[in-house]
Amino acid sequence: MNAVDIICKKRDGKELSEAEIEFFIKAYLSGEIPDYQASALLMAIYFRHMSEEETFNLTKVMLHSGDIVDLSDIHGIKVDKHSTGGVGDKVTLIVAPIAASCGIPIAKMSGRGLGFTGGTIDKLESIPGFKTTLEPADFHRQVNEIGIAVIGQSGHIAPADKKLYALRDVTATVENLSLIASSIMSKKLAAGSDAILLDVKCGKGAFMKSEEDAKALAELMCKIGSSQGKKTAAIISDMSEPLGHAIGNSLEVIEAIELLKGNIKGDLLKLCLNISAAMIYLGGGASGVEEGFALAENAISSGRALQKLAEMIEYQGGNKLVIDDYSLFPKAEIYSEIKAESSGYIESIDAEYIGLASQHSGAGRASKDDEIDHSAGIRLLAKRGDKLEPSDTIAIVYSSDEKKLKQACDEVLKAYTISDCEPKAEPLIRTMIGL
Ligand code: URA
C-alpha cells in the first residue's frame, strides 16, 4: 500500500477501503506521509466525497488515534452534548445542570472559543476560582458525588483529527460533510459518554449556513454515532441571530444564572428546555422528549438546576456566591451604549458580525494562544422584531480598551438591519433527528 495509489484512487472517485484509510491516517500522524500528500488526499475527498462507509472508517481511525476516555466507573447513562458552535451559545451552562438535577450524569469535556464563536471553558473561567482542569480520578469522583463536572478537553483526544483539521484549515478543505462529521464525532466518541445529543446550528452565525446542510450534517453524525454503538440524536436550531441577549464570557454566565432563576423566557429558554429534554430522554430519565421537557421545566421552577450549578461551581473551586452577587465577576473598565440611528423594526441581527464584535471587544481570540478579557462583550437590548425609535439603546458594548471598544461598537451597529415592516417570525428549532 502506498500514499500515491490511495490519492489516485480517491482522485478518480473510487471508494477507499478501511485498510487504506487506516494506513494513510496512521502514516500521516506518525510523519511518514508528508503534509503535501495529505493535502492532495483532502482535496480529492473534497471534490469526490466519501461514502458513508468511508466516513465511518475515517471516524474510527481518528477516534482510536489517541486516548479514549473510560467513564465506566461513573454510575448511570452518561449523556454528552455538542454544539456546532454559535454566537452567545451558553446552552451547556444551562442544560448540564438541568439534566444533572434530573439524575442524568454529566461528565463533560468542553472546548475554548476561537474566532467569532465562544467556548464553554472560557465562560466558566470567568467565575473567580473555577478550575477547568481536574485529575481523571477527581473528575469521576465529582460526577459520582454530585452528578456533574465540566472540564477542558485533554490534549490526547483524537490527535489525528487535530493534525488533519489544522491542515484542512490552510488548504481550503474544511467544508466537506464527511470531513466535518468525522472530525466532530471522533472527538465526541473518544470523550466516553454513552449517548450524545448534537445541537447543530444553521444560519449566518453558524458553520452550516443552510438548514439543508445542517440537516445533512446532523443525519451523518447520528449515523456515525450509531455505527459506534452510541445513542445519538440531534436538534437543528437557528443561529441567524445571536442566542439570547449576552455575548461574552462573564456576561453569558450571568445570563445562564438568570435563566436558571426563572427570569428569562423566549428563544434561549425554549432551546435549552428542548435540549435538556432530549438529554434526559437519552439518559433514560424520561420515556420521551415531552416528559423530559416537563422534568426540565420543573428543574428550573423548583430551583434544583440552579442549586446544581452552584454545587458544581463550589466543587470545582469557584466562588458560588457569584450566583447572587454578579459584582464578583470581573468588571469591564469601560462601556458604550449604542443607539438606533433610525426608527423601524429590527429585521435581522447578523450573528457573525456580533461574534466578531465580541471577539474584537476582547472577549474572544483570533489565534489559540491569545489572552481573553472575561469581562468584555455585548448585551443586546433589542432583538429581531423589536420596534425602535431613534436614540433607543440597542446594545451595550463592554471592554477594557478604548480602541477595541470603538471597533466593536462600529461592528455591532453594522450587524443590525432596520426595516419599515415587521419581520416574519422564524422558528428557532427546525428539526429533531432520532428523538
Ligand atoms: N468542528 C470540528 O471539530 N471539525 C470540523 O471539521 C468542523 C468544525
Side-chain angles (χ1 to χ4, degrees), residues 21 25 28-29 38-39 41-47 49-50 52 54-69 80-87 89 91-92 108-122 152-191 193 196-210 213-225 228 232 234 236-237 239 351-352 355 364-365 367-368:
I21 292 173
I25 299 298
Y28 177 57
L29 185 59
S39 306
L41 182 66
L42 288 171
M43 196 54 87
I45 293 171
Y46 181 89
F47 282 112
H49 307 288
M50 278 185 139
E52 275 182 16
E54 286 176 296
T55 311
F56 296 165
N57 288 328
L58 175 60
T59 311
K60 203 159 66 178
V61 179
M62 295 202 295
L63 150 69
H64 288 284
S65 66
D67 295 346
I68 297 183
V69 180
D80 200 356
K81 172 247 161 204
H82 175 78
S83 159
T84 56
V87 177
D89 186 352
V91 168
T92 294
K108 183 151 179 51
M109 292 188 196
S110 285
R112 294 185 187 280
L114 187 61
F116 70 84
T117 59
T120 299
I121 289 304
D122 298 320
Q153 230 146 41
S154 110
H156 308 293
I157 298 271
D161 170 64
K162 195 170 178 193
K163 193 168 176 190
L164 267 184
Y165 194 14
L167 187 64
R168 287 165 58 209
D169 212 20
V170 294
T171 54
T173 50
V174 169
E175 292 87 358
N176 171 276
L177 217 57
S178 292
L179 294 176
I180 298 172
S182 57
S183 165
I184 294 174
M185 290 305 288
S186 60
K187 289 175 286 222
K188 279 289 114 181
L189 290 162
S193 282
I196 303 164
L197 190 274
L198 301 163
D199 178 15
V200 180
K201 311 286 192 192
C202 63
K204 281 204 135 186
F207 208 65
M208 291 288 152
K209 304 295 175 206
S210 77
D213 286 349
K215 193 159 173 246
L217 176 65
E219 279 168 352
L220 186 54
M221 290 197 291
C222 288
K223 284 183 189 164
I224 294 173
Q228 289 294 313
T232 311
I236 295 166
S237 64
M239 183 42 80
E352 195 168 345
R365 32 175 101 70
S367 68
K368 72 177 175 29

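This one's a predicted model, so the numbers in the text were calculated from it and none came from an experiment. Start at 1 and go down the list; that is how both ligands and their atoms are numbered.
Nearest approach of Glu52 to Lys223, heavy atoms of both residues: OE2-NZ, 2.7 Å.
For atom 3 (O) of ligand 1, the closest non-hydrogen atom on the protein side is Lys187 NZ, 2.5 Å. Here the protein heavy atom with the shortest distance to atom 8 (C) of ligand 1 is Tyr165 OH, 3.2 Å.
Side-chain atoms of Lys163 come within 3.5 Å of backbone atoms of Tyr28 as a donor-acceptor pair (strictly under, hydrogens ignored). Asp67 contributes no side-chain N or O that, together with a main-chain N or O of Val69, makes up a donor-acceptor pair within less than 3.5 Å. Side-chain atoms of Asp80 never come within 3.5 Å of backbone atoms of Ser193 as a donor-acceptor pair (strictly under, hydrogens ignored). In this structure a side-chain-to-backbone donor-acceptor pair under 3.5 Å is present from Lys108 to Lys81.
Under a 4.0 Å criterion applied to the non-hydrogen atoms of Arg168, ligand 1 contributes the atoms 5 (C), 6 (O). Within the listing of ligand 1, atoms 7 (C), 8 (C) sit less than 4.0 angstrom from a heavy atom of Phe207.
Here the shortest heavy-atom distance to atom 5 (C) of ligand 1, taken over Ser182, Ser186, Ser183, belongs to Ser183.
Taking a 4.0 Å cut-off on heavy atoms, Ile180 registers as neighbouring ligand 1.
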